[in-house]
Amino acid sequence: MDITFKNVSYIYDMNTPIANLGLKNINLTIQSGSYTAIIGHTGSGKSTLLQHLNALLKPSEGTVVIGDRTITNQTNNKNLKPLRKQVGIVFQFAEHQLFEETVGKDIAFGPMNFGVSESESLEIAREMLQTVGLEDKYFDVSPFDLSGGQMRRVAIAGVLALKPSVLVLDEPTAGLDPKSRREMMTLFAQLQKEQQLTIILVTHQMDDVANYADHVIVLEKGQVIQDTTPKALFNQPEFVLAHGIGLPKATEFAVALKAQGFEMSELPMTTAALIEGLTPQLENKGK
Amino acid sequence: MNSIEVKDLNYRYTKDGEDVLQNINFTVAAGEWIAIVGHNGSGKSTLTRNLNGLLAPTKGEVIIDGQLLSEATVWDIRRKIGIVFQNPDNQFVGATVEDDVAFGLENRQIPFETMHERVAAALAAVNMTNYAQKEPARLSGGQKQRVALAGVIAINPEIIILDEATSMLDPQGRQDIIHIVQDLQKQTKNTVLSITHDLEEAALADRILVMEGGHLIASGTPREIFSQHELLQEAGLTLPFAMDLAVKLNQAGIKLPGTFLSSKELIQQLWTLRSKM
Ligand SMILES: Nc1ncnc2c1ncn2[C@@H]1O[C@H](COP(=O)(O)OP(=O)(O)OP(=O)(O)O)[C@@H](O)[C@H]1O
Ligand SMILES: Nc1ncnc2c1ncn2[C@@H]1O[C@H](COP(=O)(O)OP(=O)(O)OP(=O)(O)O)[C@@H](O)[C@H]1O
Ligand SMILES: [Mg+2]
Ligand SMILES: [Mg+2]
C-alpha cells in the first residue's frame with residue numbers, strides 16, 4: 001500500500017482563537033514495503049503527521065492517499081474500519097491506548113473488533129504477549145497495574161495482533177530497557193522482511209534511523225525539510241547539526257575525530273564501519 | 001548528612017501479591033547524582049514512590065533528611081521532594097502550562113511575586129515560554145516532558161527525582177535538560193535520583209544503582225558498574241557507546257589502556273596513540 005500526502009496542511013482548532021499550525025503543505029510518498037523514519041525536533045509535527053495515516057486527524061487542506069483510500073477534510077467517519085485494520089498505530093503515550101480490564105482482553109480487542117472469534121482472539125493475544133517479551137503471568141493482570149515499559153509492550157502487542165500491513169510506531173522504544181529496545185527493533189525489522197510490512201517509525205534515536213530505515217523524512221515547524229536516505233542525510237553533518245536533529249553515535253564520533261585530524265572519506269553510520277575506517281590509521285603508521 | 005536512607009524496604013501492591021521490592025538497602029548523600037537503571041518491571045518507579053510516601057512500605061524504613069517517613073511526616077517530606085513522573089499526563093493539574101508550573105509553588109505557600117518570577121524562569125529554562133498559555137494536554141510529547149520538568153525546576157526541591165523524564169526529547173533537548181539540572185545542582189546542591197534507560201546519561205552520574213527483579217543488585221560508580229560484564233548481562237544493560245567502541249577496537253588489535261566513559265576521553269586517547277606513531 002503506497003501512501004501519498006499531497007499539499008497537506010493541518011491546523012489544530014481551526015477558526016478559533018487558539019488555532020495552531022500542525023502541518024504545512026506536506027508532500028511525500030511512502031512506498032509499500034519500505035521502512036521510513038520520521039524525525040525532527042520536539043513539536044515539529046511528527047505525531048500530527050502519523051495521526052493522518054489512519055484518518056484519526058483529517059487534513060485541513062490537501063489529500064492523504066493510503067492504498068485505494070483518499071482522505072480529505074470531507075471524508076466522513078463511516079467506513080474507516082478497513083483502513084484502521086490495515087494501518088496499526090502505536091501511539092507515543094502508549095498507555096492511553098490501554099483500556100480493557102485484563103492484558104489478555106486488551107490485546108484481543110483488536111482482532112475481536114474485526115470479526116475474529118473470542119477464543120481465537122485470546123489465542124492470538126497469548127502469542128503476541130510472548131512476542132513482545134512479557135511472561136504469561138501478566139495475561140490476566142489489569143494493564144494499569146503494570147510498569148511503564150510493560151504497558152508499552154502490551155500496546156505494541158495489541159497493534160501487532162491486528163496483523164496490519166502498515167505499522168506506524170511513534171517512539172515505540174521510549175521507556176524500554178536497553179536489551180528490550182534492541183529486541184523490539186529487531187522484531188519490527190523481521191516483520192517488515194517476512195511479511196512485507198510498511199513501517200513508519202518516529203524516533204529520536206538516530207542509531208535506529210541508521211540501522212533500520214531505508215528512507216528518512218525530516219520535519220521542522222510542520223514542514224518537510226529533507227526527504228532522503230539515512231546515508232545521504234547523515235553525510236551532511238553540518239545540515240543535521242544546524243537543525244538540531246543529532247547524528248548516529250558512530251557518525252558523531254567520526255566527526256569529532258575528523259576535527260582532530262583523522263581521515264574520514266565517508267562518514268560511518270555504524271560502529272563496525274567506524275572501526276573499519278579507523279584501524280588503518282592507527283596500525284600502519286610508522287611501520 | 002544523608003539525604004536518603006532506605007532500610008530493609010519491602011513493598012507489595014496487594015496483600016497476597018508478590019513483593020515487587022525485596023530487602024532494599026541504600027543511602028544517598030546530600031548533593032549526590034544517582035542514576036537508577038534496570039529492566040522494565042524491576043521496581044524502579046515503585047521504589048521512588050516509596051520515597052515520598054505515595055506508597056507506604058510493606059516492611060522497612062525510609063528516612064529523608066534524617067526524618068523517618070511516616071503518616072506524621074509525609075507532608076513535610078513531600079515538600080522536600082520533586083518528582084517528574086514517567087508519564088507527564090499523570091502529573092498535569094493546571095488548565096494552562098503556566099498554572100501547572102505554578103501549582104507546586106502555590107502548595108508551598110510561595111509569595112505571589114516570587115512565584116511569578118520562578119514560573120517564568122523555569123519555563124524559559126526549558127524553552128517553553130511561548131507555550132505559557134497553552135493547555136498542557138495539547139502539547140507534543142516532548143513539550144509535555146519539558147513542562148513537567150519546569151514544574152520541578154520552579155520548586156527547586158532538595159531532592160529531585162526524574163523518572164525517565166527525558167525519554168521523549170530529541171538528543172539536543174535531552175542534553176539541555178541534563179545541563180539545566182546539573183547547573184541547578186551546582187548552585188543549590190540538590191540530591192538527584194534519575195531513573196533512566198539511557199546509558200550515556202547514567203554514565204554521567206556519581207553513582208549507579210542497578211535494580212533487577214525487585215532487588216537492588218549493585219551500586220557503584222559508572223566505571224565500576226560498566227566494567228562488570230556479568231552484571232550488565234543480568235540486568236539487560238549494554239555499554240555506553242565509547243566503552244563499547246573501545247572494547248571492539250581492542251578486539252580489532254588496537255590496544256587502549258583504561259575504560260572510557262565518554263567519547264571525549266576516548267578521542268583524546270586515540271589522538272595520543274596516533275600522534276605517537
Ligand atoms: N491536541 C493538540 N491541540 C493543539 N495543538 C497541538 C495538539 N497536539 C500537538 N499540538 C501542537 O502541534 C505541534 C506539533 O505537535 P506534534 O505532537 O505533532 O509534535 P512532535 O513532532 O510529535 O513532537 P514530539 O517529538 O515532542 O512528540 C506542536 O507545536 C504542538 O504544540
Ligand atoms: N499499580 C500496580 N499494581 C500492581 N502491580 C504493579 C503496579 N505497578 C507496577 N506493578 C508491578 O510491579 C513491578 C515493578 O514495577 P515498576 O513500575 O516499579 O517497574 P519499573 O522498574 O519502573 O519498570 P519500567 O522500566 O518499565 O518503568 C512490575 O512487575 C509491575 O508489573
Ligand atoms: Mg510526538
Ligand atoms: Mg518505571
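Naming convention: chains lettered A, B, ... in sequence-line order (proteins, then strands); numbering from 1 in each chain.
- Contacts of B:E200 with chain A are made by side-chain atoms alone, with heavy-atom separations under 4.5 Å and no backbone atom involved.
- Atom CD of A:E276 has 12 or fewer heavy atoms from other residues, nucleotides or ligands within 6.0 Å.
- When heavy atoms are compared at a cutoff of 4.5 Å, A:L278 approaches chain B solely by way of its side chain, counted from C-beta outward.
- The 12-atom threshold is not exceeded at CD of B:Q233, counting heavy atoms of other residues, nucleotides or ligands nearer than 6.0 Å.
- The residue among B:L199, B:T14, B:N87 with the most heavy atom pairs within less than 4.5 Å of chain A is B:N87.
- In this structure, A:D13 CG and B:E135 CD are separated by 8.5 Å, a value rounded to the nearest 0.5 Å.
- Residue contact with chain B, scored on non-hydrogen atoms closer than 4.5 Å, involves the side chain of A:L274 exclusively.
- Contact annotation for B:Q143: both backbone and side-chain heavy atoms come within less than 4.5 Å of a heavy atom of chain A.
- Environment of CD in B:Q182: crowded, with over 12 heavy atoms of neighbouring residues, nucleotides or ligands closer than 6.0 Å.
- Among the candidates B:P88, B:G253, B:G141, B:A252, the residue making the largest number of heavy-atom pairs closer than 4.5 Å to chain A is B:G141.
- Highest contact tally toward chain B, considering only A:G148, A:G246, A:S180, is held by A:G148 [criterion: heavy-atom pairs under 4.5 Å].
- A heavy-atom distance below 4.5 Å is not found between the side chains of A:E252 and B:S263.
- For the atom pair A:R152 CZ and B:S167 OG, the distance stands at 7.5 Å (nearest 0.5 Å).
- Across A:R181, A:R182, A:E171, the residue that shares the most heavy-atom pairs under 4.5 angstrom with chain B is A:E171.
- Using a 4.5 Å cut-off between heavy atoms, B:I254 contacts chain A through its side chain alone, with no backbone atom that close.
- The two residues A:D177 and B:G38 make their nearest non-hydrogen contact at CB-O, 4.1 Å.
- Contacts with chain B were tallied for A:K179, A:K249, A:Q150; A:K249 has the most, counting heavy-atom pairs under 4.5 Å.
- Between the CG atom of A:L282 and the CG atom of B:L249 there is a distance of 7.5 Å, given to the nearest 0.5 Å.
- Closest approach of B:M168 and A:Q92 over heavy atoms only: CE-O, 3.2 Å.
- Both the backbone and the side chain of B:T238 come within less than 4.5 Å of a heavy atom of chain A.
- With a threshold of 4.5 angstrom between heavy atoms, B:K264 does not approach chain A through any atom at all.
- With respect to chain B, the highest number of heavy-atom pairs below 4.5 Å among A:G133, A:A250, A:S47, A:G40 belongs to A:A250.
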*Residue pair A:L257, B:W271: steps toward the side-chain contact (heavy atoms from CB on, under 4.5 Å) verdict*: CA-CA 8 Å; A:L257 282 175; B:W271 187 83; over 6 Å; no
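- Contact of B:D89 with chain A is made through the side chain alone, with heavy-atom distances under 4.5 Å.
- When all heavy atoms are compared, the tightest approach of A:F253 to B:L245 is CE2-CD2, 3.4 Å.
- Remark: side-chain polar atoms of B:D170 are not paired, donor with acceptor, to backbone N or O of A:H204 under 3.5 angstrom.
- Residue contact with chain A, scored on non-hydrogen atoms closer than 4.5 Å, is absent for B:K44.
- If you tally non-hydrogen atom pairs under 4.5 Å between each of B:L139, B:L169, B:L237 and chain A, the highest count goes to B:L169.
- Proximity to chain B (any heavy atom under 4.5 Å) is shown, for A:A272, by neither the backbone nor the side chain.
- Residue pairs that meet the salt bridge (Lys or Arg N to Asp or Glu O under 4.0 Å) test with at least one member in residues 223-245 of chain B, sequence neighbours left out, are B:R223-B:E265, B:D244-B:K248.
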*Take B:K134 and A:N20 through the side-chain contact (heavy atoms from CB on, under 4.5 Å) test and state the conclusion after the steps.*
CA-CA 10 Å; B:K134 303 251 175 193; A:N20 187 19; 3.7 Å; yes
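- Side chains of B:N40 and A:S147: no donor on one and acceptor on the other come within 3.5 Å.
- Contact of the B:N90 side chain with the A:E95 side chain is not registered, since no non-hydrogen atoms from C-beta on lie closer than 4.5 Å.
- Across A:G175, A:G43, A:A174, the residue that shares the most heavy-atom pairs under 4.5 angstrom with chain B is A:G175.
- Both tests do not hold together for B:R138 against A:Y12: distance to the six-membered ring centre under 6.0 Å, angle to the ring axis within 45°.
- Put simply, the side chain of B:L270 reaches to within 4.5 Å of the side chain of A:F262, judged on heavy atoms.
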*Before giving the answer on side-chain contact (heavy atoms from CB on, under 4.5 Å), spell out for A:T271 and B:F241 the whole-Å C-alpha distance, their side-chain angles and the decisive distance to 0.1 Å.*
CA-CA 9 Å; A:T271 304; B:F241 175 78; 3.5 Å; yes
_If you apply the rule side-chain contact (heavy atoms from CB on, under 4.5 Å), what do you find for B:E18 with A:K137, and how did you get there?_
CA-CA 12 Å; B:E18 48 187 286; A:K137 70 174 183 192; 3.6 Å; yes
